[in-house]
Amino acid sequence: MSGNINETTVLITGAANGIGWATAQLFAGRGCRVAIVDLDGGMATARAEELGSDHLGVQCDVTVEASVREACAKVLDRFNHCSILVNNAGIGDMTVPTLEQDASRFMTILNTHLTGSFLISREIARRMIADNGGAIVNFSSIAAHSGLPGRNAYGAAKAGLIAMTKSMACEWAGHGVRVNAVAPGYVETELVGKLVAGGLLDKERILRRTPMGRMIAPSEIAEAVWFLASPAASAITGAVLNVDAGWQAYGAAGDAFHPKAI
Ligand SMILES: NC(=O)c1ccc[n+]([C@@H]2O[C@H](COP(=O)([O-])OP(=O)(O)OC[C@H]3O[C@@H](n4cnc5c(N)ncnc54)[C@H](O)[C@@H]3O)[C@@H](O)[C@H]2O)c1
């Protein structure tokens, strides 16, 4: 893809909520046509209507091949191209001791993140290759790089996404299709807010472990996605951009956040 990305079409999975919705708002605000593809079809349509008549909401379960094919066909029928794909759809797993983990839940998490990103990428890259270019941004996580005890499937899925990002990047580089990933730290979405409020996530502990001493706003992840999708990143492919307030940089003992550190 070359030139300006305004007025292009971006397909964002899981865009009815959270980081995906923030990303949809940012791209729409900068002149792109946005296809909001989400498991919750009603919400996807409502969100697209909120953005305006240039945008489209489509129901899709990214884990189901037929559903992905149908959703991508709807997007391509409506817009006739798709130069940016953001594979954001995801589900969290709760911390569960490995000896008590359920195999079907394990597979659901792998399928949502890994199989889902694979299936949509395959469908959309077909068109990008025919159109001589495009940009794909996958969603990894800090969970890909260091162990979160009791969250095996999530960490494995997010690490797998990095490997898949690199293999697709190399395979499609000659076709002008760039494939990169963002690796967010703890993002202050509605869902994370509820986990904190319900006592399932210890916000104070997270802040102490984060060098910048704060969580990340969904719009800050959206800005990183915009950068990777834009011509400003024209020589970047197969890369993973940490957007984690310093989380992965920290390797010392104890608290990472020292307000008056020198
Ligand atoms: N929130 C964080 O702190 C954080 C940190 C690191 C990475 N991430 C990653 O960022 C991405 C977005 O996370 P979020 O916090 O905004 O989540 P969220 O729960 O707020 O939104 C996820 C969206 O994905 C959709 N979805 C779920 N399963 C789907 C499926 N099978 N098919 C289609 N859509 C589906 C949901 O309906 C929802 O709209 C995820 O990949 C997540 O793993 C989030």
Side-chain angles (χ1 to χ4, degrees), residues 11-26 35-48 57-72 75 85-94 105 107-120 123 137-146 148 151 153-162 164-165 181-196 200-203 206-207 209-210 214-222 224-225 240-245 247-248:
L11 188 165
I12 309 174
T13 66
N17 290 292
I19 300 167
W21 171 231
T23 307
Q25 289 174 289
L26 184 139
I36 292 181
V37 171
D38 203 284
L39 191 58
D40 185 340
M43 197 69 177
T45 304
R47 292 298 205 189
V58 180
Q59 197 282 333
C60 174
D61 182 343
V62 297
T63 67
V64 177
E65 197 162 10
S67 177
V68 167
R69 283 216 168 97
E70 198 181 318
C72 291
V75 173
L85 165 65
V86 182
N87 282 313
N88 159 83
I91 48 172
D93 56 352
M94 298 314 297
R105 180 70 185 161
M107 291 312 298
T108 301
I109 288 163
L110 287 192
N111 277 336
T112 305
H113 295 271
L114 269 180
T115 314
S117 298
F118 155 66
L119 289 173
I120 297 247
E123 290 312 300
V137 182
N138 291 324
F139 266 68
S140 183
S141 162
I142 53 172
H145 296 276
S146 39
L148 301 183
R151 298 190 65 192
Y154 190 77
K158 293 307 193 184
L161 272 162
I162 292 179
M164 200 163 74
T165 296
V182 288
Y186 284 94
V187 182
E188 202 134 37
T189 57
E190 228 177 275
L191 187 76
V192 168
K194 278 184 197 157
L195 293 177
V196 170
L200 293 166
L201 205 60
D202 186 341
K203 184 172 177 178
I206 290 166
L207 300 190
R209 168 63 182 78
T210 307
R214 67 172 180 86
M215 285 197 177
I216 300 137
S219 61
E220 293 179 296
I221 307 295
V225 173
V240 183
L241 182 55
N242 299 333
V243 193
D244 63 1
W247 181 280
Q248 284 189 58

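Note that ligands are numbered from 1 as they come in the structure, with each ligand's atoms numbered from 1 the same way.
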For the pair [X] (side chain) and [Y] (backbone), establish whether a donor and an acceptor sit closer than 3.5 Å, ignoring hydrogens and angles.
| X | Y | answer |
| --- | --- | --- |
| Arg151 | Asp93 | yes |
| Ser67 | Cys60 | no |
| Gln59 | Asp40 | no |

Next on the checklist: Going by side chain to side chain contact (heavy atoms under 4.5 Å, CB included), Ile19 matches just one of Val243, Asn88, Val225. Which one?
Outcome noted: Asn88
Within ligand 1, which atoms have a heavy atom of [X] less than 4.0 Å away?
| X | result |
| --- | --- |
| Asn17 | 20 (O), 21 (O), 38 (C), 39 (O) |
| Gly185 | 3 (O), 4 (C), 5 (C), 6 (C) |
| Tyr186 | 3 (O) |
| Gly18 | 16 (O), 20 (O) |
| Leu191 | 19 (O) |
| Tyr154 | 6 (C), 7 (C), 8 (N), 9 (C), 42 (C), 43 (O) |
| Ser140 | 7 (C) |
| Ser141 | 6 (C), 7 (C) |

For [atom], what is the closest protein heavy atom, and at what distance to 0.1 Å?
| atom | value |
| --- | --- |
| atom 32 (N) of ligand 1 | Val62 N, 3.0 Å |
| atom 41 (O) of ligand 1 | Asn88 O, 2.8 Å |
| atom 35 (C) of ligand 1 | Leu39 CB, 3.7 Å |
| atom 15 (O) of ligand 1 | Thr189 CG2, 3.7 Å |
| atom 44 (C) of ligand 1 | Ile19 CD1, 3.7 Å |
| atom 27 (C) of ligand 1 | Gly90 O, 3.6 Å |
| atom 23 (C) of ligand 1 | Gly14 O, 3.4 Å |

Minimal non-hydrogen separation, [X] against [Y], with atom names:
| X | Y | result |
| --- | --- | --- |
| Leu85 | Ile120 | CD1-CG2, 3.4 Å |
| Ala143 | Leu148 | CB-CD1, 3.6 Å |
| Ser219 | Ala22 | N-CB, 4.2 Å |
| Ala183 | Asp244 | O-CB, 4.2 Å |
| Ala16 | Arg47 | O-NE, 2.8 Å |
| Asp38 | Ala44 | CB-CB, 4.1 Å |

Checklist entry - Is a side-chain donor-acceptor pair under 3.5 Å present for Asn138 with Thr165? => result yes
Going from [atom1] on [X] to [atom2] on [Y], what distance comes out if it is rounded to the nearest 0.5 angstrom?
| X | Y | atom1 | atom2 | result |
| --- | --- | --- | --- | --- |
| Ile216 | Trp247 | CD1 | CH2 | 9.5 Å |
| Glu190 | Asn17 | CD | CG | 7.0 Å |
| Leu195 | Thr189 | CG | OG1 | 7.5 Å |

Backbone or side-chain N or O of [X] under 3.5 Å from ligand 1 N or O:
| X | answer |
| --- | --- |
| Ala15 | no |
| Val37 | no |
| Thr112 | no |
| Asp38 | yes |

Next on the checklist: Using ring centroids (six-membered ring only for Trp), state whether His113 and Tyr154 fall under 6.0 Å.
Outcome noted: yes
Checklist entry - At a 4.0 Å cut-off, with the gap strictly under it, does some heavy atom of Cys60 reach an atom of ligand 1? => result yes
Checklist entry - Mind checking whether His113 has a heavy atom under 4.0 Å from ligand 1? => result yes
Checklist entry - Protein heavy atoms: any of them under 4.0 Å from atom 3 (O) of ligand 1? => result yes
Under-4.0 Å heavy-atom contact with ligand 1, by part of [X] that carries it:
| X | answer |
| --- | --- |
| Lys158 | side chain |
| Phe139 | side chain |
| Asp61 | both |
| Met43 | neither |

Checklist outcome for this item: Looking only at non-hydrogen atoms, the one of Ala89, Ala22, Ala183 nearest atom 26 (N) of ligand 1 is Ala89
Checklist entry - What residues, two or more places apart in sequence or in another chain, satisfy side-chain hydrogen bond (donor to acceptor under 3.5 Å, both in side chains) together with Thr63? => result Asp61
